[in-house]
Amino acid sequence: MAATGKRVLKYVDGQMLEYTIYKLVDKYSKVLWKPTEKFNFDSPPTNPRTLAFSLLETMIKKGGVGLSANQVGLPYRVFVMGGGEHWFACFNPEIIEATGENMDHYEGCLSYPGLFLTIKRASHVKLRYQDYSGQVLEKEFDGFTARVIQHEMDHLDGTSYIKRVPSIKLKQAQSKVKVNRKRAKEEMKAAKYSKKESG
């Protein structure tokens, strides 16, 4: 499946960059349920820097904190997370250490708007990955950031957070989706109005 979206031009670091605001694939799309392919820096299937910025800008536009390539129909082992000045792209990530447990936080997902689930995750991870230049890095992350990384790694492995809860818990959460989505729309509308008033 090919990714689709809107092409955008923007100055980044003093250079004109053309990237794409992607459309998210349907939650039933086969690309979401297959393990992703290693991104080959020796023979790149697409420009890695452009891909990183496209995923980042799509994530921001959709209001997320993480986004994997297969969520927009691309089969590559790549995700982005963060926003503003604090963001990064992970190519070919691998969790090499995961310790501790934290069940205190809900998780949401851009592929499942309005669906929030309590998921058991490690509270600390050590990640080996490549940046968009191909450099291999190792970093350690805690708390919320560690949780986001594990969520995105699920996507890259061809699974999802919905597979990590019992079916009864999933059904209970699904019954609240419409209310959650309505609340989110109202909050976004209020935030936009507030921004106009202060501007």
Side-chain angles (χ1 to χ4, degrees), residues 1-27 29-32 34-95 107-113 125-141 143-158 160-161 184 188 191-192 195:
M1 173 174 205
T4 59
K6 176 184 171 187
R7 302 295 284 177
V8 179
L9 287 171
K10 181 178 180 179
Y11 274 105
V12 178
D13 298 329
Q15 295 181 349
M16 185 66 79
L17 178 69
E18 184 177 9
Y19 61 91
T20 303
I21 300 292
Y22 292 117
K23 291 182 181 177
L24 297 175
V25 298
D26 185 84
K27 62 187 175 187
S29 173
K30 288 180 182 178
V31 73
L32 282 177
K34 287 169 57 177
T36 48
E37 305 163 6
K38 184 174 181 180
F39 190 92
N40 186 349
F41 280 94
D42 293 328
S43 180
T46 187
N47 182 301
R49 182 170 182 263
T50 303
L51 173 60
F53 275 92
S54 295
L55 290 173
L56 173 71
E57 294 293 333
T58 301
M59 178 193 79
I60 293 169
K61 184 84 172 172
K62 303 292 183 184
V65 293
L67 181 69
S68 62
N70 56 344
Q71 286 180 276
V72 299
L74 299 169
Y76 314 128
R77 196 163 183 81
V78 182
F79 74 81
V80 294
M81 65 174 295
E85 297 296 316
H86 306 287
W87 73 276
F88 58 97
C90 294
F91 287 73
N92 305 319
E94 175 190 1
I95 293 175
E107 286 184 26
C109 182
L110 291 176
S111 295
Y112 297 87
V125 296
K126 186 173 184 180
L127 190 73
R128 179 183 296 135
Y129 66 97
Q130 291 171 274
D131 63 16
Y132 61 70
S133 69
Q135 181 181 0
V136 177
L137 302 167
E138 280 188 15
K139 291 187 180 178
E140 297 188 35
F141 303 91
F144 181 73
T145 307
R147 178 174 290 278
V148 174
I149 287 168
Q150 290 167 87
H151 180 102
E152 298 309 323
M153 291 294 289
D154 277 354
H155 280 303
L156 299 184
D157 291 338
S160 164
Y161 74 145
M188 284 178 68
K192 283 183 183 176
K195 199 172 184 181

Open item on the list: Quick check: closest heavy atoms across S54 and Y22, and the distance to 0.1 Å?
Closed with: CB-CE1, 3.5 Å

Open item on the list: Holding to side chain to side chain contact (heavy atoms under 4.5 Å, CB included), I want the full list of residues that pass it with F41, two or more places apart in sequence or in another chain.
Closed with: F39, P48, F91, N92, Q130

Task: Pairwise salt bridge (charged side-chain N to carboxylate O under 4.0 Å, His left out) hits with a residue in residues 56-76, at least two apart - done: K10-E57

Open item on the list: I need the F53 CZ to E18 CD distance, nearest 0.5 Å.
Closed with: 14.0 Å

Task: L156 versus S68, closest heavy-atom pair with distance - done: CD2-CB, 3.7 Å

- [ ] Apply the test side-chain contact (heavy atoms from CB on, under 4.5 Å) to residues L24 and V72: give CA-CA distance (whole Å), side-chain angles for both, the deciding distance (0.1 Å), then the verdict.
- [x] CA-CA 5 Å; L24 297 175; V72 299; 4.0 Å; yes

TODO: Work out which heavy atom in W87 is nearest to a heavy atom in A52; give both atom names and the distance.
DONE: CZ3-O, 4.4 Å

- [ ] Mind listing the closest non-hydrogen atom pair of S160 and Y112 along with its distance?
- [x] OG-CE1, 3.6 Å

TODO: Heavy atoms only: give me the nearest S111-L32 pair and the separation to one decimal.
DONE: OG-CD1, 4.2 Å

Task: Worked check of side-chain contact (heavy atoms from CB on, under 4.5 Å) between H155 and C109 - done: CA-CA 10 Å; H155 280 303; C109 182; 3.3 Å; yes

Open item on the list: R77 vs D157, test: side-chain contact (heavy atoms from CB on, under 4.5 Å). Steps then yes/no.
Closed with: CA-CA 9 Å; R77 196 163 183 81; D157 291 338; 2.9 Å; yes

TODO: Any pair with a residue in residues 40-55 that passes salt bridge (charged side-chain N to carboxylate O under 4.0 Å, His left out), sequence neighbours left out, goes on the list, sorted by first then second residue, please.
DONE: D13-R49

Open item on the list: With side-chain contact (heavy atoms from CB on, under 4.5 Å) as the criterion, how do Y19 and L56 come out once you've worked through the C-alpha distance, each side chain's angles and the decisive distance to 0.1 Å?
Closed with: CA-CA 10 Å; Y19 61 91; L56 173 71; over 6 Å; no

Task: Contacts of K139 that satisfy side chain to side chain contact (heavy atoms under 4.5 Å, CB included) - sequence neighbours left out - done: Y129, F141

- [ ] For the pair N70 (side chain) and G73 (backbone), establish whether a donor and an acceptor sit closer than 3.5 Å, ignoring hydrogens and angles.
- [x] no

- [ ] Please name all residues satisfying side chain to side chain contact (heavy atoms under 4.5 Å, CB included) with I95, sequence neighbours left out, ordered by chain then number.
- [x] A98, V125, L127, I149, Q150, M153

Task: Residue that, paired with E152, satisfies side-chain contact (heavy atoms from CB on, under 4.5 Å) out of R147, M81, Q71 - done: Q71

Task: Set of side chain to side chain contact (heavy atoms under 4.5 Å, CB included) partners for S43, sequence neighbours left out - done: N40

Task: Heavy-atom check, side chain of T58 versus side chain of L110, under 4.5 Å - done: no

